[in-house]
Amino acid sequence: MTSAVTITRHGGTGGRTAVAARARQVVKAYGSGETRVVALDHVDVDIARGQFTAIMGPSGSGKSTLMHCLAGLDTVTSGQIHLDDTEITGLKDKKLTQLRRDRVGFIFQAFNLLPTLSALENITLPMDIAGRKPDKGWLAQVVETVGLKDRLKHRPNQLSGGQQQRVAVARALAARPEIIFGDEPTGNLDSRAGAEVLGFLRRSVDELGQTIVMVTHDPVAASYADRVLYLADGRIVDEMFRPTADSVLDRMKDFDARGRTS
Ligand SMILES: Nc1ncnc2c1ncn2[C@@H]1O[C@H](COP(=O)(O)OP(=O)(O)O)[C@@H](O)[C@H]1O
Ligand SMILES: [Mg+2]
């Protein structure tokens, strides 16, 4: 079923719901009693399909927790999370693992490539493990999009940091997930390599119709997104559409100023 899903270009919904992920009144608390920390405090959010969403906010504001809960990597204390029309809160482990494998892609700060495999082998590894055949046409398109055509036989240690992260982006895209989550995916890259990777993420949204949610603290990285969500103390306190690096930076200064006076 998953492989038959058509992803239309330019952010079309391909007949699926326009919301790729949805959180309703999500609370995530760690610990109990005196050491209880509320990382997410009744969060409501819709992640539009075919859009690039950035999540920003100070350290400890709940960005990673929100991403992990939306991706089914972590359980919630209360509230509901849907991926497309599947409620993932309450799914049993086995179903959840299956759903993550088939429908969700991840890009982490560390590239997490296997050193003994070529770039191409790394890209297809998750599908090989799942016993799924990559769609050749799609794979070619993904490789083209991330600009790795002449690097496919290289091992990770023969590639620059930026190229390695592009392999990780291609790996996430190759299985045609409904949504890709990235936690500071350019956090370990210099600004030029970071710009390259962000450019490819942007292209995957514009040209392949991918849905992406990216945690970042970098206004320049956020400017590649269609929408920026701001978290503070586990709540979504603001959002911005069509951000620029300057407008994001200004908004962050506003928050800092408010934080100092209140
Ligand atoms: N496994 C955990 N156990 C206890 N507290 C945690 C855990 N993970 C996160 N927290 C707390 O939850 C809050 C939000 O953390 P996190 O989502 O990592 O923030 P961010 O990604 O915005 O820096 C912080 O106060 C953090 O200390
Ligand atoms: Mg974090």
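In each ligand, atom 1 is the first atom listed, and ligand 1 is the first ligand listed. Since this is a predicted model, take the numbers as computed values, not measurements.
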| task | Decide, yes or no, whether a salt bridge links Asp226 with Arg202 under the criterion of side-chain N to carboxylate O below 4.0 Å. | result | yes

| Is Gly62 in contact with ligand 1, taking contact as a heavy-atom separation below 4.0 Å? | yes

| Which atom pair, heavy atoms only, marks the closest approach of Leu152 to Lys149? | CG-O, 3.7 Å

| field | SB check Arg22 Asp46 (cutoff 4.0 Å) | value | no

| query | Would you say the side chains of Gln109 and Asp183 form a donor-acceptor pair under 3.5 Å? | reply | no

| field | Sub-3.5 Å N/O-N/O distance, Ala39 and ligand 1 | value | no

| If we only count heavy atoms from C-beta on, is the Val146 to Leu173 side-chain gap below 4.5 Å? | yes

| query | Given the protein's heavy atoms, is any one of them under 4.0 Å from atom 27 (O) of ligand 1? | reply | no

| field | ligand 1 contact on Thr65 by region, counting heavy-atom pairs under 4.0 Å | value | both

| said: If the cut-off is 4.0 Å to any non-hydrogen atom of Pro58, which atoms of ligand 1 fall inside it? | reply: 22 (O)

| task | Check Ile123 against Leu148 and note the closest heavy-atom contact, atom names and distance. | result | CD1-CD1, 4.4 Å

| request: For salt bridge (charged side-chain N to carboxylate O under 4.0 Å, His left out), just list the numbers for Asp74 and Lys28, CA-CA rounded to whole Å, side-chain angles, deciding distance to a tenth of an Å, and then say yes or no. | output: CA-CA 9 Å; Asp74 206 347; Lys28 175 66 181 181; 3.3 Å; yes

| query | What is the nearest protein non-hydrogen atom to atom 18 (O) of ligand 1, stated with its residue, atom name and distance? | reply | Ser64 CB, 3.9 Å

| field | Contact flag Ser64/the Mg ion (ligand 2), N/O/S atoms, threshold under 2.8 Å | value | yes

| request: Note the single closest protein heavy atom to atom 25 (O) of ligand 1, along with its residue, its atom name and the distance in Å. | output: Val37 CG1, 3.6 Å

| request: For the residue pair Leu113 and Arg171, establish whether any side-chain heavy-atom pair is separated by less than 4.5 Å. | output: yes

| query | Would one find an N or O of Gly60, backbone or side chain, under 3.5 Å from an N or O of ligand 1? | reply | yes

| request: Just need the protein heavy atom nearest to atom 6 (C) of ligand 1, so name the residue and atom and give the distance. | output: Tyr30 CD1, 3.2 Å

| query | Would a search of protein heavy atoms around atom 13 (C) of ligand 1 find one under 4.0 Å away? | reply | yes

